[in-house]
Structure formats: structure tokens, C-alpha cells
Q: 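Below: one structure in C-alpha cells.
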Amino acid sequence: MFVSKFKSMKKLVVLSGAGISAESGISTFRDSGGLWNQYDISEVATFEAWTRNRALVLEFYNRRRRQLYEVEPNDGHRILVQLENYFDVQVVTQNVDDLHERAGSGKVLHLHGELKKVRSTIDDSLVYDWPHPDLNEGDICEQGSQLRPHIVWFGEAVPALEEAIPFFEEADICLVVGTSLNVYPAAGLIHYCKPGTPLYVVDPQEIAGIRSSGKVRFVQEKASTGLRVVLEEILASES
Ligand code: APR
């Protein structure tokens, strides 16, 4: 059981991206050597690609899913779990891996889907846990249609967005880690925070539009070390 050091638990929202899983060995998308340097988005991550070359799309996500069985959460994920000792933490992640959950984060919302889930191609509400490395042609839903990865592809709506917005509106502290803030609507979520909400950003690379000033603190380090700095700074500012 966790006991808060503080009288009432403040709400801390985390927006995470591929960078938090980089130290676990999962490629980011837009770094040099990232996935979108190796693959053409339009060939593997759109609904058009799915209709054009289903086998290629399935194989792309099968590779990502198989990798999940070989990687472990890292200190970055674990520090976010530690924050739950002090704050009411809600993680909102763009990641489709399950490393936040495996590290022990209690509240995780996936904006862009989950590799370990699949869904029907004729009924979006038919979502299934998929505890297998591969999803293949011929794997069908209970209504007999092909199953697809439970992933938000480029050009598709982000159904979890509506659920995510209040977490940012109500946050007392916002923490962004490992995202280039290139992809909307996810990147726009931080703008739902109340004016004056402390914003901490952790990334080893510069992020356009983000620099330390006023209530914004940019820690230019990788997740494992940068989040340690943030944890200490937040606790110091709250005590
Ligand atoms: N720790 C923290 N951040 C890191 C680390 C690390 N060890 N290594 C790299 N990064 C940073 C990069 O500097 C970059 O700013 O992580 C960020 C990753 O950015 P992207 O590759 O653009 O990933 P992300 O922002 O999560 O992408 C958003 O785009 O392709 C879609 O749906 C996909 O969810 C994804 C979305």
C-alpha cells in the first residue's frame, strides 16, 4: 500500500511517447534509425495499406508484438510508478507497448491502441486481448470477419482522446516524456492544462517550442536519468 507524504494527493498527468521505451530496446519513430526511417508509413500504418497489402501490415505489427516478449520495462517506467507514492498519477501514452503496465503503473490510457489487443474489421466494438505473438490472415472475430491490429493508424480517429482531455484539464502537474510532440491530436493535449500548471518535459533532444521558462522545466536527458531529476525537483517543490 502507498501512503502519500502530502495531505491530499495532487493530480499528475503523464504524456509519454516512444522515447520512454527506447532504453528497453524498442525503436522510436522519428530518431535517426527510427521506425519511420526504415518503413514507409503509408505502406504499413494506414487503412489503405491494410486494404492493399494486408500481409505486409500484419507482419509489421507481428514484429513489433514479438519484440514485446523480449523487452522489459526500464527505470523510466519505474520512476513513473514511484510517483504514485506521492501523486494521483494518470499515464496517457502514445505507445502501443505494455511496458507502463508491466512496470506497475496503475492508470494507463493508450491513445494509439495496444499491440496486445486486436479488433474486428466490421465492428470496432469487438476488441479482444491477443496474448499471442502473431496475428495472421484467417484469424477472425466472433462474427467471422478478419481481425486487425488494435492500432490507431494515420488518418484514423483517436477514440481515447475524449477520455484523455479531462486528465489534462484537471491536472495539477503535467509531465511529458519521450515524445517529439509531432503527432496530433496527442501533442495538443498539453494545451488543455490550466494556465500556470507546472510542465516538466524530459527528452534527450530539443523539442520545438519547449524550453525552460516560468512554469516550464525542460530536462534534456534520457528518460531514466531525466525522470529521476524531475522526481526530485517535484518532491522538493511540493514539500
Ligand atoms: N528517453 C527519453 N526520450 C527519448 C529517448 C530516451 N532514452 N530516446 C529518444 N527519445 C526521444 C526522442 O528524442 C524523440 O523526441 O523520444 C522522442 C520520440 O519521438 P517519436 O519517435 O516521434 O515518437 P512519438 O512522439 O511517441 O510518436 C508519436 O507517432 O508514429 C506515430 O503512432 C506513432 O505513437 C506514435 C506517434
Q: I'd like to know whether Leu115 forms a side chain to side chain contact (heavy atoms under 4.5 Å, CB included) with Ile151, so could you lay out the CA-CA distance, the side-chain angles of the two residues, the decisive distance to 0.1 Å, and finally the verdict.
A: CA-CA 7 Å; Leu115 278 169; Ile151 298 289; 4.2 Å; yes
Q: Counting neighbours of CZ on Phe218 that are heavy atoms of other residues, nucleotides or ligands and sit closer than 6.0 Å, is the number greater than 12?
A: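 Correct, the count exceeds 12.
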Q: For residues Leu181 and Ile165: do they belong to one hydrophobic cluster (side chain heavy atoms under 4.5 Å, members Ile, Leu, Val, Met, Phe, Trp, Tyr)?
A: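 Yes, because Leu181 and Ile165 connect within a single hydrophobic cluster, where side-chain heavy atoms sit under 4.5 Å apart.
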Q: If I compare all heavy atoms of Ser120 with all of Leu147, which pair ends up nearest, and what's the gap?
A: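 Closest approach of Ser120 to Leu147: N-CD2, 3.8 Å.
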Q: Side-chain heavy atoms nearer than 4.5 Å, only ILVMFWY residues, links allowed to pass through others: does that put Leu109 and Val14 together?
A: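 Leu109 does not cluster with Val14.
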Q: Under 3.5 Å, side chain of Asp134 to main-chain N/O of Asn136, donor-acceptor pair present?
A: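 Checked: no pair found.
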Q: Using a 3.5 Å distance criterion without hydrogens, assess whether the side chain of Arg64 forms a donor-acceptor pair with backbone atoms of Phe60.
A: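 Between the backbone of Phe60 and the side chain of Arg64 there is a qualifying donor-acceptor contact (under 3.5 Å).
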Q: Can you check side chain to side chain contact (heavy atoms under 4.5 Å, CB included) on Gln94 and Leu189, steps first, answer last?
A: CA-CA 11 Å; Gln94 297 164 88; Leu189 281 168; over 6 Å; no
Q: Got a donor-acceptor contact below 3.5 angstrom from the Gln220 side chain to the Pro204 backbone?
A: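 At least one qualifying donor-acceptor pair exists.
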Q: Using every non-hydrogen atom in the two residues, find where Val44 and Tyr39 come nearest and quote the distance to one decimal.
A: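 Shortest heavy-atom separation between Val44 and Tyr39 comes out as CG2-CB, 4.1 Å.
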Q: Find the distance between CD (Glu170) and SG (Cys193) and round it off to the nearest 0.5 Å.
A: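 One gets 11.0 Å once the value is rounded to the nearest 0.5 Å.
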Q: Using 30° and 60° as the class boundaries, would you call the ring planes of Trp153 and Phe47 parallel, tilted or perpendicular?
A: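 Trp153 vs Phe47 ring planes: tilted.
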Q: Is there side-chain contact between Arg52 and Glu43, with at least one heavy-atom pair below 4.5 Å?
A: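 Yes, side chains in contact.
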Q: With a 4.5 Å limit on heavy-atom distance, are the side chains of Val96 and His110 in contact?
A: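 No, every pair of side-chain atoms sits at 4.5 Å or beyond.
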Q: Roughly how far, to the nearest 0.5 Å, is CZ of Arg63 from CG of Leu35?
A: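 One finds 10.5 Å between CG of Leu35 and CZ of Arg63.
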Q: For Thr225, which residues count as a side chain to side chain donor-acceptor pair (under 3.5 Å) partner, sequence neighbours excluded?
A: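 With sequence neighbours excluded, Thr225 shows a side chain to side chain donor-acceptor pair (under 3.5 Å) to Glu221, given in chain and number order.
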Q: If you round to the nearest 0.5 Å, how far is CG of Asp88 from CZ of Phe167?
A: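 Rounded to the nearest 0.5 Å, the CZ-CG separation comes out at 9.0 Å.
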Q: Can you get from Leu99 to Val91 by hopping between Ile, Leu, Val, Met, Phe, Trp and Tyr side chains that sit under 4.5 Å apart?
A: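 Hydrophobic grouping puts Leu99 apart from Val91.
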Q: Is the shortest side-chain N to carboxylate O distance from Glu59 to Arg66 below 4.0 Å?
A: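 Here Glu59 pairs with Arg66 in a salt bridge, since their nearest N and O are under 4.0 Å apart.
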Q: Taking the side chain from Asn37 and the backbone from Asp31, do they hold a donor-acceptor pair closer than 3.5 Å?
A: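 Between the backbone of Asp31 and the side chain of Asn37 there is a qualifying donor-acceptor contact (under 3.5 Å).
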Q: What distance do Thr179 atom OG1 and Ile207 atom CD1 have between them, rounded to the nearest 0.5 Å?
A: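 Interatomic distance, Thr179 OG1 to Ile207 CD1, rounded to 0.5 Å: 7.0 Å.
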Q: Please tell me whether Ile26 and Val202 are part of a single hydrophobic cluster in this structure, the criterion being side-chain heavy atoms less than 4.5 Å apart.
A: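 Ile26 and Val202: separate clusters.
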Q: When you measure from the side chain of Ser145 to the backbone N and O of Cys141, does any donor-acceptor pair fall under 3.5 Å?
A: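 No; zero donor-acceptor contacts below 3.5 Å.
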Q: Within this structure, what is the CD-CG distance for the pair Gln67 and Asn62, rounded to the nearest 0.5 Å?
A: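 If we round to the nearest 0.5 Å, Gln67:CD and Asn62:CG are 12.5 Å apart.
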Q: Can Val176 be reached from Val89 by stepping across I, L, V, M, F, W or Y side chains whose heavy atoms are under 4.5 Å apart?
A: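 Each belongs to a different hydrophobic cluster.
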Q: Flag the pair Pro149 / Trp50 as yes when at least one side-chain heavy-atom distance between them is below 4.5 Å, and no otherwise.
A: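 Heavy-atom side-chain distance check passes, below 4.5 Å.
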Q: Do you know which two heavy atoms are closest between Leu68 and Arg102, and how far apart they sit?
A: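 Nearest heavy atoms, Leu68 then Arg102: O-NH1, 3.1 Å.
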Q: Would the number of heavy atoms belonging to other residues, nucleotides or ligands and lying under 6.0 Å from NZ of Lys194 be above 12?
A: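 It does: Lys194 NZ has more than 12 such atoms within range.
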Q: Run the numbers on Arg217 and Val229 for side chain to side chain contact (heavy atoms under 4.5 Å, CB included), then give the verdict.
A: CA-CA 11 Å; Arg217 170 78 168 107; Val229 171; 4.0 Å; yes
Q: Any non-hydrogen side-chain atom of Glu238 less than 4.5 Å from a side-chain atom of Tyr86?
A: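 Side-chain contact under 4.5 Å: no.
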Q: Using modelled atom types and a 3.5 Å cut-off, is there a donor and acceptor pairing between side-chain atoms of Gln146 and backbone atoms of Gly138?
A: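 The answer is yes, because a donor-acceptor pair under 3.5 Å joins these two groups.
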Q: For Ile79 and Leu227, work out which heavy atoms get closest and say how close.
A: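 Closest approach of Ile79 to Leu227: CG2-O, 3.7 Å.
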Q: Got more than 12 heavy atoms from elsewhere within 6.0 Å of CD, Glu137?
A: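 Buried by this count: over 12 neighbours within 6.0 Å.
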Q: Any idea which heavy atoms bring Asn95 and Thr93 closest together, and the distance?
A: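 Minimum heavy-atom separation between Asn95 and Thr93: N-OG1, 2.9 Å.
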Q: Roughly how far apart are Met9 CE and Glu84 CD, rounded to 0.5 Å?
A: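 So the CE of Met9 and the CD of Glu84 are separated by 8.5 Å.
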Q: In sequence, state the C-alpha distance, the side-chain angles, and the governing distance for Trp130 and His150, and then conclude on side chain to side chain contact (heavy atoms under 4.5 Å, CB included).
A: CA-CA 10 Å; Trp130 196 254; His150 185 50; over 6 Å; no
Q: For the residue pair Leu111 and Val152, what are the closest heavy atoms and their distance?
A: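 Heavy atoms of Leu111 and Val152 come nearest at O-CG2, 3.6 Å.
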Q: Does the plane of the ring in His100 sit parallel, tilted or perpendicular to the ring in His77? Use 30° and 60° as the thresholds.
A: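 Perpendicular: the ring planes of His100 and His77 meet at over 60°.
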Q: Report yes or no: does Ser21 contribute a side-chain atom to a donor-acceptor pair with the main-chain N or O of Ser24 at less than 3.5 Å?
A: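 Not a single qualifying donor-acceptor pair exists.
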Q: Taking the side chain from Arg65 and the backbone from Pro133, do they hold a donor-acceptor pair closer than 3.5 Å?
A: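 Yes, Arg65 side chain to Pro133 backbone: donor-acceptor pair under 3.5 Å.
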Q: Can you confirm if the NZ or CZ of Lys117 lies within 45° of the ring axis of Tyr61 and under 6.0 Å from the centre of its six-membered ring?
A: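 Lys117 over Tyr61 ring: no.
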